[in-house]
2 protein chains.
Amino acid sequence: MNILEKISQVQNSFSKSERKVADVIIASPETAIHSSIAALAKAADVSEPTVNRFCRRLETKGFPDFKLHLAQTIANGTPYVSRHVDVDDGPDAYSAKIFESIMAALDDARKSLDIVKVNKAVDYLTQAKHISFFGLGSSSSVAHDAQYKFFRFNIPVSCFDDVLMQRINCINANDSHVIVIISHTGRTKSLVEIANIARSNDAIVIGITSEDSPLAQASNLVLSMDVPEDTDMYMPMASRIAQLALIDILATGFTLRRGDKFMQNLKRVKDGLKDSRYEK
Amino acid sequence: MNILEKISQVQNSFSKSERKVADVIIASPETAIHSSIAALAKAADVSEPTVNRFCRRLETKGFPDFKLHLAQTIANGTPYVSRHVDVDDGPDAYSAKIFESIMAALDDARKSLDIVKVNKAVDYLTQAKHISFFGLGSSSSVAHDAQYKFFRFNIPVSCFDDVLMQRINCINANDSHVIVIISHTGRTKSLVEIANIARSNDAIVIGITSEDSPLAQASNLVLSMDVPEDTDMYMPMASRIAQLALIDILATGFTLRRGDKFMQNLKRVKDGLKDSRYEK
DNA sequence: TAACAATATGAAATTAAATTTCAGTGACAT
DNA sequence: ATGTCACTGAAATTTAATTTCATATTGTTA
């Protein structure tokens, strides 16, 4: 892949003229990629076919293809391969690793998300007379975020991170309620119990949780994402970011379902917040 | 430098045919760099001159030069490109776009984050006798998440999303307090006022906010990230996810600074939570 | 809504670039 | 000395990219 390394590897099999080409390229790859074959030939004091033969020897299709490879090689520094934070990582190393592992997790989450179920969830949410978001611990901040988002839509929405309040909310629920329960593991006892109470009152329970977990079994609809949880630090990191992304998706689906007029309403909300801010 | 990002930036100035070219390239940059202008034109169902004009609009010398830029961009795998959600996108389309936008934003955030400042923030946090996290609206869920994370460290940490509580907390602050204020815009009046109160009591104020904002000016240390905020939906999306990533980074830095014994403590906390969960 | 202006688009012509062909050169062996 | 073989570049060829220009489309004004 790295064409410059390859040049130095096959150095011995080069002819005298080809060596000249190699030298010019190694001396200034940046110049080489912006040169025509004629310019490069002149710089190396060889003929154009020699440059072309040089390129082919590197197993490229020809000069333009060679330039492409060279461009990729000099594009940028090496990315971190190991995603796990190491005890003697410096700030730059662990920062990069965390960003990368989050992005990798989001990529996995995207691939594993069932779009049909997302659409179904949006169906439920748009038809709901009342929406509640529940979460505990780390997931409670996701629930708060969801509440904040849906609150902008000017629909009745609640968020509870208190098991008693959650329970009361479920006891009073009915078939026009949608309860969204967020739990990465799906094994938190109280949340499973609460889901069952809601179900017994004909409320719709959407679980943002792991497939096949007790909470998943207690939900009407499960939105699950495969996220490799980083056990390094013994705390949830990537999972809740994937959950937030899912909340964004649900909110977006909700908005799109409601149409254009609704979006203008969102804009109005945003504009209305201006007074609480300093002017730019 | 990132030509794909540039394509999405100048998207609106494209003509209908140029947009077609953009779509084909974004859909498969890998294919694009190995295509001739004729092949690409055919794939996008436009003429060759259109492709050429498209390249020039991106401030490249022409098609071959464009390919060079593109090759450099995708050198380390296909990067994430933020695309705007369209009113007639289906669930699969908007889901994919949201995931990609978030990842693109994280990528930008990573590049723009000042690691020296991160390290300085970790310094402050490790030396603090008390840490408070403040946020309002969307940022309040980030503050909650931060509190939850640092609470596991078994250090005095608070989180307030109520302006009065925040104010009281700052009035009582002293030089052993670190106040982390989270605000994407950095223009929320009450938060700026609160920052000034904390500063007047010699507390350390860390602002997770925009560079050069009023809040940034009122902070001892500013952690800023360039995140292209999606104005599509008129609500914060990418910015708060970048903030969460930053919280993870700070928590990780904190953990690493405390050493091995401390990590075992985190494990103990995690194990201690088992009783509240169903067994696997 | 007609008429115009501005812009966008692609066919064809042109230009530029890369590749192939082929003949000349020199190194080495016989 | 001369034949062989690999190396090299001039010239021809092929391929690709760019420019030109005529036509179509869109938007704007009367």
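All of these numbers come straight from a predicted model, not from anything done at the bench. In what follows, every chain begins at residue 1, and chains take the letters A, B, ... in the order their sequences are listed. Below, each value reflects all heavy atoms present in this structure, side chains not excepted, and no hydrogens, waters or symmetry copies.
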What is the distance from [atom1] of [X] to [atom2] of [N], rounded to the nearest Å?
X	N	atom1	atom2	value
B:K20	C:dT9	NZ	P	8 Å
B:R53	D:dA17	CZ	P	16 Å
B:F14	C:dA8	CZ	P	12 Å
A:K16	D:dC5	NZ	C1'	16 Å
A:D65	C:dT19	CG	P	9 Å
B:R19	D:dT26	CZ	C1'	16 Å
B:E18	C:dA8	CD	P	7 Å

Which heavy atom of B:S140 sits nearest a heavy atom of B:D161, and at what distance?
-> CB-CB, 3.6 Å
Residue-phosphate contact under 4.0 Å: B:T50 side-chain N/O, C:dT9 OP1/OP2 = no
Does B:K61 put a side-chain nitrogen or oxygen below 4.0 Å from OP1 or OP2 of D:dT18?
-> no
Can you figure out which of C:dA18, C:dA11, D:dT18 approaches the side chain of A:N52 most closely?
-> C:dA18
Flag the pair A:R110 and A:D107 as a salt bridge only when some basic side-chain nitrogen lies within less than 4.0 angstrom of an acidic carboxylate oxygen.
-> yes
Taking NZ, NE, NH1 and NH2 as the nitrogens, is one of them in A:D248 or A:K149 under 4.0 Å from a carboxylate oxygen of the other?
-> yes
Output every pair passing side chain to side chain donor-acceptor pair (under 3.5 Å) with a member in residues 31-41 of chain A, not counting sequence neighbours, ordered by first then second residue.
-> A:S28-A:T31
Quick one: are [X] and [Y] in side-chain contact, heavy atoms under 4.5 Å?
X	Y	result
A:K120	A:V116	no
A:F54	A:V46	no
A:L223	A:L250	yes

Residue-level proximity of residues 36-48 of chain B to DNA chain C when a heavy atom falls under 4.0 Å = B:V46, B:S47
Map B:S15 and A:F63 onto DNA chain C by nearest heavy atom, then report which one ends up closer to the 5' terminus.
-> B:S15
